[in-house]
Amino acid sequence: MSLDYVKFSSGFEKFMPKEYRDMVEHGPFGKKVSVSQMGSFKEVLEEHPMCAGCAMTLFIRLAMIAFPNPEDTITVGTAGCGRLAISQAAIPFVYGNYGDQNGVASGLSRGLRLRFGDKPKDVVVMAGDGGTADIGFQQVLHSWFRKERFTTIMLDNEVYGNTGGQESGMTNRGAVLKMAPLGKKFEKMDMLQMAKVAGCAYVATVVPNNPRRVESVIKKAVLIAREVGSTYIQAYTSCNIEYAIPTDKVMEDAKNVENDRYQFSEYITDEAKQFLTERYGYKEFLPKPAAPAPGLPKA
Amino acid sequence: MYLVADISVEICAAKSCKLCTQYCPEANTILYSDEMGKDKGFKYGSAYVAVDRCKGCAQCVWVCDNMAKNNAIKMIMIDQLPVAALTDNITYGEKSTTAALVSPVVG
Ligand code: SF4
Ligand code: SF4
């Protein structure tokens, strides 16, 4: 796994599809790309069967642009809508059995460290709310308690969208869904608080209607997981099918939900701040210059 | 037939904010060209849609109308577009792309 794995074997170039040639020649491998350059370079994500207008698709697209070293990244996922797109990218994807993605990622990240030493190889789990907070809950929590060094991203559409609309632990109380016709009786699980209690070094919430912010939190989470410990991002990625949101209103919904109950939040330990500052030149955690002293009374 | 997004170069090139390129859920579907627009005498380039990849969600229309406040994108039946960009005819450059526009409907 390195930049070389995408390159053509000599003599084969002319047989490769145009999309592949574009990706090798004008993709993000080995360069720094950012969301502000979107539309002018070839992305690693290809066409996929996720529904039109899905906010989760947009989030996955942004996440892949945000990976600091896409050529040195492996994604891990599980059953759910997201893997339909995550698997269609020029980034190796490991499909865990339902619920064991954080266990798989733990082994993978340890194995990569043994094999490659200090050379960063990033492992990023992207799974849905059901995969992370319900069926994968035990393995997710234990990976955090063990301080496994990889990033967990929850694609939170607040429903089992792939199987017809059952409530998940992340569904809001009172939500009526096709397979929860009486409305959910319990509160949405507070996975953010659990991530902090379990010792994650970085925890953030985002909504995809702010691409630059998505980029910034994913970069930080992946970099911190290289050395400091587990990192967790919880992203609101609405299911426009199960929640009947017209596709041209998906971003309006994201904005409303962000203002209402999915405000941006970021938690970062002092160790992680110091790591980002010293290793990757982040300036935002440096002490702010002291406020000017109140003017001395004129003599 | 089905709807795809169509960006008016004349309206987009007056602003050219590139917001829609960041909000389309599909990768490499709304692309940006420095040339398009400039060749018509506008100061900036324009965004355009690779219609073979567009899923017709109209999210870009909302973004251009409400966030960019520029109203440059409309949904149009694909057979009503005389010419459009298709992935096969797009060339990537260093910082921009170019597209040779062709009829999007075969036959
Ligand atoms: S949002 Fe509208 S004005 Fe901005 S680049 Fe897209 S089409 Fe052009
Ligand atoms: S209609 Fe949807 S898929 Fe098509 S270009 Fe606009 S945002 Fe992208």
Side-chain angles (χ1 to χ4, degrees), chain A residues 17-19 21-28 31 33-65 85 88-90 208-212 214-215 237-238 240 245-255, chain B residues 2-5 7 12 16-36 45-68 73-75 85-100:
Chain A
K18 177 181 189 302
E19 284 87 343
R21 272 184 279 123
D22 284 342
M23 207 261 313
V24 172
E25 286 154 16
H26 302 284
K31 310 179 197 145
V33 295
S34 79
V35 297
S36 57
Q37 294 158 281
M38 282 165 85
S40 48
F41 64 91
K42 176 70 185 159
E43 294 168 43
V44 293
L45 182 60
E46 254 310 319
E47 289 182 287
H48 55 72
M50 284 183 75
C51 303
C54 177
M56 191 185 293
T57 318
L58 172 59
F59 180 85
I60 292 167
R61 181 179 174 223
L62 295 168
M64 291 192 169
I65 291 169
Q88 303 304 315
N209 64 351
N210 193 332
R212 281 171 198 266
V214 172
E215 178 179 37
T237 56
S238 65
N240 54 298
I245 307 165
T247 54
D248 63 341
K249 295 280 187 296
V250 164
M251 280 302 116
E252 189 175 342
D253 165 77
K255 199 163 151 234
Chain B
Y2 54 95
L3 291 165
V4 291
I7 301 180
C12 175
S16 212
C17 61
K18 301 189 187 175
L19 267 187
C20 56
T21 60
Q22 297 175 17
Y23 283 85
C24 171
E26 302 303 314
N28 291 120
T29 301
I30 306 190
L31 294 145
Y32 185 79
S33 167
D34 270 336
E35 303 304 314
M36 226 180 251
S46 172
Y48 65 93
V49 178
V51 292
D52 53 324
R53 298 175 75 110
C54 171
K55 287 184 181 168
C57 67
Q59 204 149 294
C60 52
V61 177
W62 190 87
V63 167
C64 191
D65 290 359
N66 294 281
M67 295 177 78
I73 313 182
K74 299 269 173 297
M75 300 308 292
L86 296 173
T87 301
D88 271 352
N89 303 324
I90 289 166
T91 312
Y92 288 84
E94 271 309 298
K95 292 201 170 101
S96 168
T97 69
T98 47

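Bear in mind the structure is a predicted one, so any value in this text is a computation, not a measurement.
Interface remark: A:Pro17 contributes no atoms to any contact with chain B (heavy atom separation under 4.5 Å). Both the backbone and the side chain of B:Cys24 have a heavy atom closer than 4.5 Å to some heavy atom of chain A. Contacts of A:Ile65 with chain B are absent, with no heavy-atom separation under 4.5 Å from either backbone or side chain. Of the atoms belonging to B:Asp88, heavy atoms from both backbone and side chain fall under 4.5 Å from chain A. With a 4.5 Å cut-off on non-hydrogen atoms, A:Glu19 touches chain B through its side chain but not through its backbone. Both the backbone and the side chain of A:Glu47 come within contact range of chain B, each with at least one heavy atom under 4.5 Å from a heavy atom of that chain. In this structure, no portion of B:Asp65 lies under 4.5 Å from any heavy atom of chain A.
A distance of 9.0 Å separates CE of A:Met38 from CG of B:Asn28, quoted to the nearest 0.5 Å. Taking CD of B:Gln22 as the start and CG of A:Asn209 as the end, the distance is 12.0 Å to the nearest 0.5 Å. A distance of 4.5 Å separates NZ of A:Lys42 from OH of B:Tyr92, quoted to the nearest 0.5 Å. With rounding to the nearest 0.5 Å, the separation of CH2 in B:Trp62 from CG in A:Asp253 is 10.0 Å. Rounding to the nearest 0.5 Å gives a distance of 12.0 Å between CD1 of B:Ile73 and CG of A:Asp248. Separation of atoms CD (B:Gln59) and OG1 (A:Thr57) is listed at 9.0 Å; rounding is to 0.5 Å.
By the side-chain hydrogen bond (donor to acceptor under 3.5 Å, both in side chains) test, B:Tyr48 is found to be paired with B:Thr97, residues two or more places apart in sequence or in another chain being considered. For B:Thr91, there are no side-chain hydrogen bond (donor to acceptor under 3.5 Å, both in side chains) partners, not counting sequence neighbours.
When all heavy atoms of B:Cys57 and A:Ala52 are compared, the closest pair comes out as CB-C, 3.9 Å. Scanning both residues, B:Val63 and A:Met251, for their nearest heavy atoms gives CG2-CG, 4.5 Å.
Using a 4.5 Å cut-off on side-chain heavy atoms (C-beta onward), A:Glu46 and B:Arg53 make contact. Between A:Arg61 and B:Glu26 the shortest side-chain heavy-atom distance does not fall below 4.5 Å.
Between chain A and the residues B:Cys20, B:Ala27, B:Ala58, the most heavy-atom pairs under 4.5 angstrom are made by B:Ala27.
Atom NZ of B:Lys74 sits in a crowded spot, with more than 12 heavy atoms from other residues, nucleotides or ligands closer than 6.0 Å.
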